[in-house]
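Just so you know, these numbers come straight off a predicted model, no measurement behind them.
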Amino acid sequence: MLRTVWCNIARSLMSSKTIDPVRRVHGMIAIPGDKSISHRAAMLAAVADGRSRLLNYSPADDCQRTLACLEALGVAIEQRGAEVSIVGRGLTGWSAPQTMLDAGNSGTTIRLLAGLLAGQRFDSWITGDQSLQRRPMQRIIEPLTQMGAVITARDGRFAPLHIHGGALQPITYHLPVASAQVKSCILLAGLLAAGTTTVVEPVSTRNHTELMLTHFGVPVALSNHAISVSGPARLRACEVRIPGDLSSAAFFIAAALMLPDSMLCISNVGINPTRTGFIDLLRRMGASIELENVRQWHGEPVADLVVRSSHLRPASPNVIGGELIAALIDEIPILAVMATQMEGGLTIREAGELRVKESDRLRALTENLRRMGADVEEFDDGLHIPGPQPLHGAQIDAYGDHRIAMAFAIAGLVARGRTQVDASDVVAVSFPTFFSALEQIAQR
């Protein structure tokens with residue numbers, strides 16, 4: 001109950017944040033634990049045998065929702081700051097929840113947890129906030145139904161989901177759309193199925209689930225774009241050290257690159273190759289981003305990032321799409337802001353997935369950039385943003401989306417005049433300390 005109250009605090013008092021232009025950003029910061037890895041570590045610890053210890057667990061509201069759901073399923077959890085202790089109950093040791101599980105704004109929570117709930121021998125309900133209830137769930141309902149789960153959804157495709165758990169059968173499933181969440185949902189369900197479950201991706205997506213499964217003692221077979229696990233599996237408890245979230249670091253990277261005379265060191269950031277599309281693209285454009293002290297934590301590469309202000313020039317071609325979109329889908333909001341300051345601007349295509357995130361991000365980016373005086377062309381699947389072009393302070397609508405709020409807070413640093421980001425507390429979804437971290441490095 002206390003954890004549920006804590007999860008609701010960030011949403012109880014929605015406020016505006018005023019952003020003034022700054023001269024530069026400078027210094028050293030640490031980023032909270034990676035959201036994607038935190039979710040997966042907590043869920044696997046909850047179905048492992050014994051006590052696991054998670055270090056640098058994300059304070060994001062999304063990740064706290066995952067812990068709250070696991071507690072409601074009878075899992076014992078202790079949290080002290082960024083350290084979380086979880087006593088796993090094995091794959092089939094969870095208890096039927098007494099109330100509807102609430103994933104809040106977290107698509108990762110509802111989709112991945114659905115995979116594990118599908119194989120339990122009890123019924124469960126799981127829902128989320130209004131934003132999450134608009135996000136498509138058919139993409140997990142279809143493969144889980146093929147595995148033998150019985151799932152009822154609002155209008156057949158939206159939360160709340162009623163999951164009638166039971167024995168699962170292994171399948172081979174070809175993802176129609178690249179999605180790490182859907183892939184992970186199926187693989188987690190596969191842990192409870194008798195036999196080998198395989199997911200075939202159209203393009204590679206982030207592989208945190210595969211690496212985390214291996215760390216918890218589950219063999220994972222990889223062949224081209226096919227990923228397989230065999231069940232019923234048994235997971236061993238372990239310690240997990242979680243790297244800083246690169247998607248959160250992206251906002252500070254952007255600020256350091258755009259503002260003259262800036263230098264920023266961001267420590268202990270995860271640089272998994274499936275997540276570095278943002279860095280790789282910017283380096284091709286001339287960005288000064290150095291990776292120092294490179295090492296591995298449980299198969300996840302980690303480094304300290306040193307970022308210096310840079311003149312960005314067009315990559316060739318100056319259009320991003322295809323596999324690159326899957327590699328930097330979370331960074332597109334801040335990349336769109338950066339495009340206004342780039343020589344030659346940027347065109348983004350094949351990014352229609354952004355329309356079914358926490359907001360319609362393509363529409364939110366278009367509206368807010370235009371409010372700041374930018375010229376933007378919106379497509380069904382992307383944007384064309386000329387550059388360089390000046391930005392002017394404006395009143396920004398975050399549309400209830402944490403990444404939109406943070407992207408336009410960074411835009412406010414380089415704009416002329418004052419910017420007001422309405423409902424800015426939504427940043428708690430992924431980065432509760434975002435504004436205090438920004439204040440720490442801003443020099444006026």
Side-chain angles (χ1 to χ4, degrees), residues 1-12 14 35 38-40 42-47 58 60-77 79 84 86 88-89 91-145 147-166 168 181-182 184-186 188-189 192 356-358 400 402 426 428-430:
M1 178 63 72
L2 288 177
R3 188 181 304 282
T4 301
V5 171
W6 189 97
C7 287
N8 286 327
I9 288 175
R11 301 194 181 280
S12 64
M14 302 300 282
K35 277 180 58 189
S38 293
H39 284 297
R40 289 157 171 81
M43 291 185 197
L44 293 185
V47 293
S58 172
D61 183 57
D62 277 7
C63 295
Q64 297 299 318
R65 292 285 181 174
T66 288
L67 295 183
C69 288
L70 294 173
E71 283 186 325
L73 291 161
V75 179
I77 298 175
Q79 184 171 16
V84 178
I86 298 178
R89 302 185 60 175
L91 272 172
T92 57
W94 288 356
S95 303
Q98 300 302 303
T99 59
M100 184 178 296
L101 301 172
D102 187 356
N105 192 242
S106 177
T108 303
T109 301
I110 193 170
R111 288 179 175 141
L112 270 63
L113 203 56
L116 292 170
L117 290 171
Q120 305 299 320
R121 298 189 181 276
F122 54 74
D123 283 18
S124 56
W125 287 86
I126 185 166
T127 190
D129 64 11
Q130 290 184 353
S131 171
L132 190 61
Q133 289 180 36
R134 293 192 297 268
R135 298 177 68 178
M137 295 297 149
Q138 186 62 33
R139 56 185 60 182
I140 62 166
I141 293 173
E142 180 178 334
L144 292 178
T145 300
M147 297 180 78
V150 178
I151 302 176
T152 305
R154 179 173 56 85
D155 294 334
R157 58 195 181 108
F158 298 113
L161 305 180
H162 174 224
I163 302 173
H164 178 69
L168 298 179
Q181 290 182 0
V182 178
S184 298
C185 169
I186 300 167
L188 294 183
L192 292 124
V356 291
K357 292 291 187 178
E358 288 83 340
H402 56 125
V426 73
V429 166
S430 63

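Across all non-hydrogen atoms, the minimal contact from K35 to S58 is CG-OG, 3.9 Å. Between L168 and A189 the shortest heavy-atom distance is CD1-O, 3.6 Å. When all heavy atoms are compared, the tightest approach of H164 to D123 is ND1-OD1, 2.5 Å. Considering all non-hydrogen atoms of both residues, C63 and S38 come closest at SG-CB, 3.8 Å. For R135 against F158, the heavy-atom pair with the smallest separation is O-CD2, 3.6 Å. Looking at every heavy atom in both residues, R40 comes nearest to S184 through NH2-OG, 3.3 Å.
No donor-acceptor distance shorter than 3.5 angstrom exists from the side chain of D155 to the backbone of R157, with no hydrogens or angles considered. Formation of a donor-acceptor pair under 3.5 Å by the T66 side chain with backbone atoms of H39 is not found in this model. Formation of a donor-acceptor pair under 3.5 Å by the W94 side chain with backbone atoms of A46 is found in this model. Under a 3.5 Å cut-off, the side chain of R89 and the backbone N or O of G74 do form a donor-acceptor pair.
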Please table the atom pairs, donor to acceptor, closer than 3.5 Å between any side-chain atom in residues 113-120 and protein atoms at least two apart or in another chain.
from: Q120; atom 1: NE2; to: L91; atom 2: O; distance (Å): 2.8
from: Q120; atom 1: NE2; to: L116; atom 2: O; distance (Å): 3.1

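Taken from SG in C185 to CZ in R139, the straight-line distance is 11.5 Å, to the nearest 0.5 Å. If you take NE2 on H402 and CG on D62, they are separated by 6.0 Å, rounding to the nearest 0.5 Å. Between the CE atom in M147 and the CD1 atom in I186 there is a gap of 7.5 Å [rounded to 0.5 Å]. The line from CD of E71 to CD1 of I77 is 4.5 Å long, rounded to the nearest 0.5 Å. I141 CD1 to I163 CD1: the interatomic distance, rounded to the nearest 0.5 Å, is 8.5 Å. The structure places CD1 of I126 at 7.0 Å from CG of L161, a figure rounded to the nearest 0.5 Å.
I110 is not listed as a side-chain neighbour of Q133, based on a closest heavy-atom distance of 4.5 Å or more. You'll find the side chain of E358 reaches within 4.5 Å of the side chain of N105, heavy atoms only. The shortest distance between side-chain heavy atoms of Q79 and V84 falls below 4.5 Å. Annotation: side chain of F122 is in contact with side chain of P97 (closest heavy-atom distance under 4.5 Å).
Annotation: R154, atom CZ; neighbour count of heavy atoms from other residues, nucleotides and ligands within 6.0 Å is above 12.
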Check the pair L112 / I140 against side chain to side chain contact (heavy atoms under 4.5 Å, CB included), numbers first and verdict last.
CA-CA 9 Å; L112 270 63; I140 62 166; over 6 Å; no

Verdict with supporting geometry, V429 and R65, side chain to side chain contact (heavy atoms under 4.5 Å, CB included):
CA-CA 10 Å; V429 166; R65 292 285 181 174; over 6 Å; no

Test log, rule side chain to side chain contact (heavy atoms under 4.5 Å, CB included), inputs T108 and Q181
CA-CA 6 Å; T108 303; Q181 290 182 0; 3.0 Å; yes

Could you check I86 against L67 for side chain to side chain contact (heavy atoms under 4.5 Å, CB included), going step by step and ending with a plain yes or no?
CA-CA 9 Å; I86 298 178; L67 295 183; 4.2 Å; yes

